[in-house]
*Asks:* 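My questions will all concern the structure given below.
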Amino acid sequence: MTDLQARTTAHTVDPAELLRRHRAVTPAWLATYYREPIELTHGEGRHVWDSAGKRYLDFFGGILTTMTAHALPEVTRAVAEQAGRILHTSTLYLSTPMVELAEQIAALSGIPDAKVFFTPSGTEANELALLLATTHRRSNQVLALRNSYHGRSFSTIGVTGNGSWSPTSLSPLQTLYVHGGVRTAGPFAQLTDDQFTAACVADLEDMLGQAEGTVAALIAEPIQGVGGFTSGPDGLLAAFKEVLDRHGILWISDEVQTGWGRTGDHFWGWQAHGQAGPPDVLTFAKGIANGMSMGGVVARAEVMDSLAANSISTFGGSPITCAAALANLRHLLENDLQGNARRVGAVLREELEKSGLPVELRGRGLMLGVGLRDAATAAATLEHARELGLLVGKGGRAGDALRVAPPLSLTAEEAREGAALLIEALRRAQA
């Protein structure tokens, strides 16, 4: 028996019984996919297996978090070696892996005079970005895009423009929502790209005219993740930045889902809007450590050093997560996975376009959204895809979009295979 076969047959927990136990001890609002939820027990490359031994082509990567590949040897080896030395120290002590990773990310960020702070998640990264901006600007007013999502903490829910993921209207922030996150819906949908950008800039200017005093920052995802992989035209955020700069307002680019080359054309999502220069603050998470819990913030030193009180992180930048991230980032850069995302993402999009199905394709690279007619069609497609051996995600304000985001090492053959499975699932759902 091979190691993989042993892992496949080693887990025998009954899924129905596990679901019963899950529901007994976890919150009612903790969502799971599928009418009959599955447990994923192991993975290899771009495939995962459930507890019943069924094999799936993974086109969601644990919500865009398995960035390079499942069980990537370089990462698992780095984790094992670091675990054999020391697992945890905290930021109260110096850490070579943390400093080395911070140096690399600062250099890759494009932000001048950059400093880096590590967190355990994207939510906490965006929380810190908001704290930095509001402290630096001495204001709790924040601009955000409609249809956005920035996390599940109190402050990040307060700047989330997607009602499906915003359980409370209470917030420590005063949030002003502007247009620009969705190109194909809303009052500006019928305009040309240039007209759309001009209309959104006018909306931003009008909103600033209504604000009372100083506005701290605009926080924006270059491509909206939970929102269904929607975005405005290239250059929109650059046009926004020209307005923001006139008012001294900071630009926070939420790169939790768009970072590390996933969009193919660029290493960071903000670079599609780079005409006005880099953002003041950049947040990241998800795939950098290939499944280990890591997020972080990159900011200009002037902004990062704004906090007057002491602060530490118990788990941010731990030796083991940094070891994983260093190995993962090295693999990504040495194997040009950004270029692979561009090339293989084009194959995937072409296969879906050839199907002639009535869907709206969004995103770029290996961050591809499929807009559908309603939430029921999206839910049905999700189920059919699982039955066929394909895992995809779901999103959109109304839950009416699919999110396709496989590991960046996806091959062209796997892209065609996955596209065929997705097309069949769509046909079954739309029949």
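The analysis underlying the following values was restricted to heavy atoms, covering all of them including side chains, and did not include hydrogens, waters or symmetry mates.
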*Asks:* Rounded to the nearest 0.5 Å, how far apart are CD of E39 and CG of L19?
*Replies:*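 Spacing of CD (E39) from CG (L19) equals 11.5 Å.
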
*Asks:* Does E255 offer a backbone N or O that forms a donor-acceptor pair with the side chain of S253 under 3.5 Å?
*Replies:* no

*Asks:* So for atom CZ, which belongs to R373, do other residues, nucleotides or ligands contribute more than 12 heavy atoms lying within a distance under 6.0 Å?
*Replies:* yes

*Asks:* Distance only, no hydrogens: is a donor on one side chain within 3.5 Å (strictly under) of an acceptor on the other, for D374 and T377?
*Replies:*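 The criterion, which ignores hydrogens and geometry beyond distance, is satisfied for T377 and D374.
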
*Asks:* For the pair Y177 (side chain) and T160 (backbone), establish whether a donor and an acceptor sit closer than 3.5 Å, ignoring hydrogens and angles.
*Replies:* yes

*Asks:* Kindly state whether the ring of W268 and the ring of F284 have centres lying under 6.0 angstrom apart.
*Replies:* no

*Asks:* Y33 side chain to I38 main-chain N or O, any donor-acceptor pair under 3.5 Å?
*Replies:*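 No.
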
*Asks:* If you define the side chain from C-beta out and look only at heavy atoms, does anything of L143 sit under 4.5 Å from V215?
*Replies:* yes

*Asks:* Which residue pairs pass the side-chain hydrogen bond (donor to acceptor under 3.5 Å, both in side chains) test with at least one member in residues 104-117, sequence neighbours excluded?
*Replies:*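 side-chain hydrogen bond (donor to acceptor under 3.5 Å, both in side chains) check on residues 104-117 returns K115-D305.
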
*Asks:* Tell me the ring pair (Phe, Tyr, Trp, His ring centres under 6.0 Å) pairs involving residues 73-111, sequence neighbours left out?
*Replies:* H88-F315

*Asks:* Take atom CZ of R35 as the centre, draw a 6.0 Å sphere, and report whether it contains more than 12 heavy atoms from other residues, nucleotides or ligands.
*Replies:* no

*Asks:* Okay, side chain of N147, backbone of N162: is any donor-acceptor separation there less than 3.5 Å?
*Replies:* no

*Asks:* So, does E351 use its side chain to make a donor-acceptor pair with the main chain of L348 at under 3.5 Å?
*Replies:*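 Judged by distance alone, no pair lies under 3.5 Å.
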
*Asks:* Would you say the side chains of T192 and Q195 form a donor-acceptor pair under 3.5 Å?
*Replies:* yes

*Asks:* Between R342 and D336, does at least one N-O distance fall below 4.0 Å, as a salt bridge requires?
*Replies:* no

*Asks:* Are R362 and E360 within salt-bridge range, i.e. N to O under 4.0 Å?
*Replies:* yes

*Asks:* To the nearest 0.5 Å, tell me how far L408 CG sits from T66 OG1.
*Replies:* 10.5 Å

*Asks:* Is it true that D193 and R183 have a side-chain N and a carboxylate O under 4.0 angstrom from each other?
*Replies:* yes

*Asks:* Are more than 12 heavy atoms, taken from residues, nucleotides or ligands other than L92, located less than 6.0 Å from that residue's CG atom?
*Replies:* yes

*Asks:* For a 4.5 angstrom cut-off between non-hydrogen side-chain atoms, does L352 reach L368?
*Replies:*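 Of all side-chain heavy-atom pairs linking L368 with L352, at least one is under 4.5 Å.
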
*Asks:* Would a distance-only check, ignoring hydrogens and angles, find a side-chain to backbone donor-acceptor pair under 3.5 Å from S306 to E302?
*Replies:*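 Judged by distance alone, yes, a pair lies under 3.5 Å.
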
*Asks:* Given W49 and E44, is the side chain to side chain contact (heavy atoms under 4.5 Å, CB included) satisfied, shown in steps?
*Replies:* CA-CA 9 Å; W49 283 257; E44 188 171 66; 4.1 Å; yes

*Asks:* Check for a donor-acceptor pair, side chain of E221 on one end and backbone N or O of Y149 on the other, with a separation under 3.5 Å.
*Replies:* yes

*Asks:* How many angstroms lie between CZ in F229 and CG in L361, if you round to the nearest 0.5 Å?
*Replies:* 12.5 Å

*Asks:* Pairs in or reaching into residues 269-287: which pass side-chain hydrogen bond (donor to acceptor under 3.5 Å, both in side chains), with residues at least two apart or in two chains?
*Replies:*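 For residues 269-287: N126-T283, D280-R300.
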
*Asks:* Between the main-chain N or O of S293 and the side-chain N or O of T321, is there a donor-acceptor pair closer than 3.5 Å?
*Replies:*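 No, the answer is negative, given that no donor and acceptor are paired below the 3.5 Å cut-off.
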
*Asks:* Residues two or more places apart in sequence or in another chain: which of them pass side chain to side chain contact (heavy atoms under 4.5 Å, CB included) with D245?
*Replies:* K241

*Asks:* Counting only heavy atoms not in R46, do more than 12 sit closer than 6.0 Å to its CZ atom?
*Replies:* yes

*Asks:* Is it true that E413 and R416 have a side-chain N and a carboxylate O under 4.0 angstrom from each other?
*Replies:*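 The answer is no: the pair does not qualify as a salt bridge.
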
*Asks:* Answer with yes or no after comparing the ring centroid distance for F188 and H179 against a 6.0 Å cut-off, counting only values under it.
*Replies:*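 That pair passes the under 6.0 Å test.
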
*Asks:* Got more than 12 heavy atoms from elsewhere within 6.0 Å of CD, E36?
*Replies:* no

*Asks:* Would you mind listing every side-chain hydrogen bond (donor to acceptor under 3.5 Å, both in side chains) that reaches into residues 68-83, with sequence neighbours excluded?
*Replies:*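 Listed by first then second residue: D58-H70, T68-N290, T68-N328, E74-H331, Q82-R85.
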
*Asks:* So does R146 get a backbone contact from the side chain of Q224, meaning a donor-acceptor N/O pair under 3.5 Å?
*Replies:*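 Yes; at least one donor-acceptor contact below 3.5 Å.
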
*Asks:* Without swapping roles, check the side chain of T65 against the backbone of I63 for a donor-acceptor pair under 3.5 Å.
*Replies:*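 Checked: pair present.
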
*Asks:* Crowded around N335 CG? As in, over 12 foreign heavy atoms under 6.0 Å?
*Replies:* yes

*Asks:* Once rounded to the nearest 0.5 Å, what's the spacing between atom CZ of R397 and atom CH2 of W165?
*Replies:* 15.5 Å

*Asks:* Compile the donor-acceptor pairs under 3.5 Å between side chains in residues 421-431 and protein atoms, sequence neighbours left out, one pair per line.
*Replies:*
| unit_1 | atom_1 | unit_2 | atom_2 | d |
| --- | --- | --- | --- | --- |
| E424 | OE2 | R428 | NE | 2.9 |

*Asks:* Looking at side-chain heavy atoms only, is the closest gap between T134 and L173 below 4.5 Å?
*Replies:* yes

*Asks:* Measuring only between side-chain heavy atoms, which start at C-beta, is S318 closer than 4.5 Å to T89?
*Replies:*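 Not touching, per the 4.5 Å side-chain cut-off.
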
*Asks:* Atom SG of C200 and atom CG of L236: how far apart are they, to the nearest 0.5 Å?
*Replies:*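 The CG atom of L236 is 5.5 Å from SG of C200, to the nearest 0.5 Å.
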
*Asks:* Enter the distance from E242:CD to L244:CG here, rounded to the nearest 0.5 Å.
*Replies:* 10.0 Å

*Asks:* Tell me yes or no: between the side chains of H150 and T156, is some donor less than 3.5 Å from an acceptor?
*Replies:* no

*Asks:* Any side-chain heavy atom of Y56 sitting closer than 4.5 Å to one from L390?
*Replies:* no

*Asks:* Salt bridge between D234 and R364, side-chain N to carboxylate O under 4.0 Å?
*Replies:*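 Counted as a salt bridge, because a side-chain N and a carboxylate O are separated by less than 4.0 Å.
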
